[in-house]
Peer 1: 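Please read through the structure below; I'll follow up with questions.
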Amino acid sequence: MQIPIVMPKPDLTALTGGYRKTPVMQIGADIYCDTQRIARELERIQPAPSLFPEQSVGLALALSSWSDKVFFEPGAGLAMGTNAEIPEPILEDRKAFFNFMDFDTLDDNLPHLYGQLRAQAAWGDRQLVGGRHYLLGDAPSWPDVLAYFVVWMARANIADVTPLFAAFQDMAEWEERLAAIGHGERSEMDAEEALAIARDSEAQTEVQVDGDDPLGLAPETAVTVAPDDYGIVPVAGELVRLTMDDIAIRRTDPRAGEVVVHFPRVGYRVDAAA
Ligand SMILES: N[C@@H](CCC(=O)N[C@@H](CS)C(=O)NCC(=O)O)C(=O)O
């Protein structure tokens with residue numbers, strides 16, 4: 001399903017209950033929000049080849065927070081501040097969305113942001129020293145995806161990025177290797193069909209609410225779930241899962257029917273509904 005680049009995104013939010021970010025994965029009536037949650041579900045369904053090889057899962061997931069915040073923020077700031085091609089409606093949408101960025105002082109901040117982006121790209125480049133093909137070794141893994149998406153965004157949007165990254169030859173070759181992996185076979189499905197599949201399916205989610213969780217919530221409690229960083233739109237539903245890894249809530253939508261919406265635990269806030 002194609003989703004609009006700015007709000008409103010009525011077909012997407014019919015599935016998610018309000019979560020607006022990209023990407024979202026739908027499997028029947030299970031809706032997975034956030035790349036981290038999507039990656040873990042893909043790993044569960046298709047464990048080989050692994051996205052988390054050689055017991056790297058803890059490290060790889062910790063790096064999600066790095067790429068989502070520390071690496072992403074200067075990349076997004078520079079994309080907004082230096083790409084004259086970005087249409088005005090997108091800039092206006094992102095001004096409200098990127099609460100970590102002060103658009104009034106963005107121009108003065110650009111040299112700082114360039115410095116932050118370059119120093120973090122250098123980490124990636126150093127990690128490849130000695131002919132290592134991917135960040136954790138000979139096989140691609142989740143940290144490659146995490147680092148690549150910011151570098152890709154930078155190359156596509158940021159003015160003067162070529163000289164900024166010129167010294168990072170190993171990184172440039174790594175980018176080519178990752179791009180060569182491609183996107184598999186893609187086929188389009190329109191929004192009405194996706195919504196019909198949600199309506200006609202039953203969520204395949206096992207109820208699991210951790211009794212030791214510090215939030216002390218019971219299954220079926222009415223809650224809201226929202227990202228704790230930016231794009232903070234609470235999604236309301238009944239608690240189905242609350243573990244150290246994930247959160248899931250059940251909600252009923254006039255167009256999508258009864259769906260279960262999934263989030264990662266880290267980076268998301270759960271509150272009992274008022
Ligand atoms: N933590 C989220 C971040 C997702 C995110 O910020 N996505 C950007 C696009 S790459 C977005 O949603 N931008 C606003 C929009 O598409 O409306 C994830 O890893 O999926």
Side-chain angles (χ1 to χ4, degrees), residues 1-27 30-43 51-52 57 59-81 83 85-101 103 106 113 117 120 135 141-158 161 178-179 183 191 194 225-235 245-248 261-270:
M1 174 207 305
Q2 298 282 347
I3 57 173
I5 204 163
V6 295
M7 290 294 272
K9 308 180 179 188
D11 299 327
L12 176 73
T13 51
L15 291 171
T16 64
Y19 181 84
R20 64 157 288 185
K21 295 183 188 177
T22 312
V24 166
M25 176 172 80
Q26 174 188 3
I27 301 181
D30 283 286
I31 312 299
Y32 296 89
C33 300
D34 198 292
T35 31
Q36 189 196 126
R37 185 66 192 86
I38 294 169
R40 299 200 80 177
E41 190 58 19
L42 293 176
E43 179 82 2
L51 284 167
F52 305 101
V57 65
L59 174 66
L61 292 173
L63 287 172
S64 290
S65 302
W66 163 69
S67 86
D68 256 15
K69 297 194 169 80
V70 191
F71 199 24
F72 177 71
E73 290 182 7
L78 289 165
M80 293 293 125
N83 182 352
E85 309 282 304
I86 296 184
E88 198 52 37
I90 299 184
L91 271 179
E92 285 308 312
D93 178 87
R94 298 307 192 265
K95 278 185 186 173
F97 182 62
F98 290 143
N99 59 3
F100 52 84
M101 201 182 297
F103 279 86
L106 186 57
L113 297 175
L117 188 74
Q120 293 180 72
L135 294 179
S141 65
W142 190 236
D144 292 293
V145 179
L146 294 172
Y148 182 73
F149 94 82
V150 178
V151 173
W152 172 86
M153 175 179 74
R155 293 254 191 230
N157 288 291
I158 298 175
V161 77
L178 286 177
H183 298 99
V225 182
D228 70 1
D229 46 12
Y230 59 93
I232 304 171
V233 183
V235 182
D245 294 321
D246 71 317
I247 303 160
V261 188
H262 301 255
F263 306 88
R265 182 66 205 274
V266 170
Y268 287 78
R269 189 183 167 93
V270 185

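Atoms within each ligand, like the ligands themselves, are counted from 1 in listed order.
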Peer 1: Counting each atom of ligand 1 from 1 as listed, which ones have a heavy atom of P23 under 4.0 Å away?
Peer 2: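 It comes down to these atoms of ligand 1: 20 (O).
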
Peer 1: Under 4.0 Å, heavy atoms only, figure out whether ligand 1 is touched by the backbone of D68, its side chain, both or neither.
Peer 2: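 Looking at D68 and ligand 1, just side chain atoms fall under 4.0 Å.
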
Peer 1: State the atoms of ligand 1, each with its element, that fall below the 4.0 Å cut-off from a heavy-atom position in R20.
Peer 2: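 What qualifies from ligand 1 is 14 (C), 15 (C), 17 (O).
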
Peer 1: Taking the basic N atoms (NZ, or NE/NH1/NH2) and the acidic carboxylate oxygens, is any pair closer than 4.0 Å for D68 and K21?
Peer 2: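 Result for this pair is no, no salt bridge flagged.
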
Peer 1: Taking distance alone, with no angle check, do Q36 and ligand 1 share an N/O pair under 3.5 Å?
Peer 2: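 By distance alone, the answer is no.
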
Peer 1: Considering only protein heavy atoms, which is closest to atom 6 (O) of ligand 1, and at what distance to one decimal place?
Peer 2: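 Residue, atom and distance for the closest contact: Y230 OH, 2.6 Å.
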
Peer 1: Report yes if K21 has an N/O atom closer than 3.5 Å to an N/O atom of ligand 1; otherwise report no.
Peer 2: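 No; the residue has no nitrogen or oxygen that sits under 3.5 Å from a nitrogen or oxygen of the ligand.
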
Peer 1: Starting from atom 15 (C) of ligand 1, which protein heavy atom do you reach first, and at what distance in Å?
Peer 2: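 Its nearest protein heavy-atom neighbour is K9 NZ, 3.1 Å.
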
Peer 1: For the pair Y32 and H262, name the ring-plane relationship: parallel under 30°, tilted 30 to 60°, perpendicular over 60°.
Peer 2: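 Y32 and H262: parallel rings.
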
Peer 1: Answer yes or no: is there an ion pair linking K69 with E73, defined by an N-O contact shorter than 4.0 Å?
Peer 2: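 No.
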
Peer 1: Are the side chain of D228 and the backbone N or O of R269 linked by a donor-acceptor pair below 3.5 Å?
Peer 2: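 Side chain of D228 to backbone of R269: no pair is present.
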
Peer 1: Check D229 against ligand 1 and report side chain, backbone, both or neither, counting heavy atoms closer than 4.0 Å.
Peer 2: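 No part of D229 is near ligand 1 at this cut-off.
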
Peer 1: Tell me the protein heavy atom at minimum distance from atom 13 (N) of ligand 1, and give that distance in Å.
Peer 2: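 Nearest protein contact, heavy atoms only, for atom 13 (N) of ligand 1 is F97 CE2, 3.4 Å.
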
Peer 1: In terms of residue, atom name and distance, what is the protein heavy atom nearest to atom 20 (O) of ligand 1?
Peer 2: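 Minimum-distance protein heavy atom for atom 20 (O) of ligand 1 reads T35 N, 2.9 Å.
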
Peer 1: Give the numbers and elements of all ligand 1 atoms closer than 4.0 Å to a heavy atom of I5.
Peer 2: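 Answer, ordered by atom number: 17 (O).
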
Peer 1: Between D246 and R40 (salt bridge meaning N to carboxylate O under 4.0 Å), is one present in this structure?
Peer 2: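 Not counted as a salt bridge, because no side-chain N and carboxylate O are separated by less than 4.0 Å.
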
Peer 1: So which heavy atom in the protein is nearest atom 2 (C) of ligand 1, and how far is it from that ligand atom?
Peer 2: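 Ranked first by proximity to atom 2 (C) of ligand 1 is D34 OD2, 3.4 Å.
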
Peer 1: Hey, can you tell me if Y19 and Y268 have their rings parallel, tilted or perpendicular (30° and 60° cut-offs)?
Peer 2: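 The rings of Y19 and Y268 sit tilted, inter-plane angle from 30° to 60°.
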
Peer 1: Does CD1 belonging to I5 count more than 12 external heavy atoms closer than 6.0 Å?
Peer 2: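 Open: at most 12 neighbouring heavy atoms sit under 6.0 Å from CD1 of I5.
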
Peer 1: Are there over 12 heavy-atom neighbours, none belonging to R265, within less than 6.0 Å of that residue's CZ?
Peer 2: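 Above 12, so yes.
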
Peer 1: Just to confirm my output: which protein heavy-atom neighbour is closest to atom 9 (C) of ligand 1, and how far is it?
Peer 2: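 Looking at atom 9 (C) of ligand 1, the protein heavy atom closest to it is T22 O, 3.9 Å.
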
Peer 1: Does the N99 side chain pair with the main chain of D229, one donor and one acceptor, at a distance under 3.5 Å?
Peer 2: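 Yes, the answer is positive, given that a donor and an acceptor are paired below the 3.5 Å cut-off.
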
Peer 1: Using a 4.0 Å heavy-atom cut-off, say whether M153 meets ligand 1 through its side chain, its backbone, both or neither.
Peer 2: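 Neither part.
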
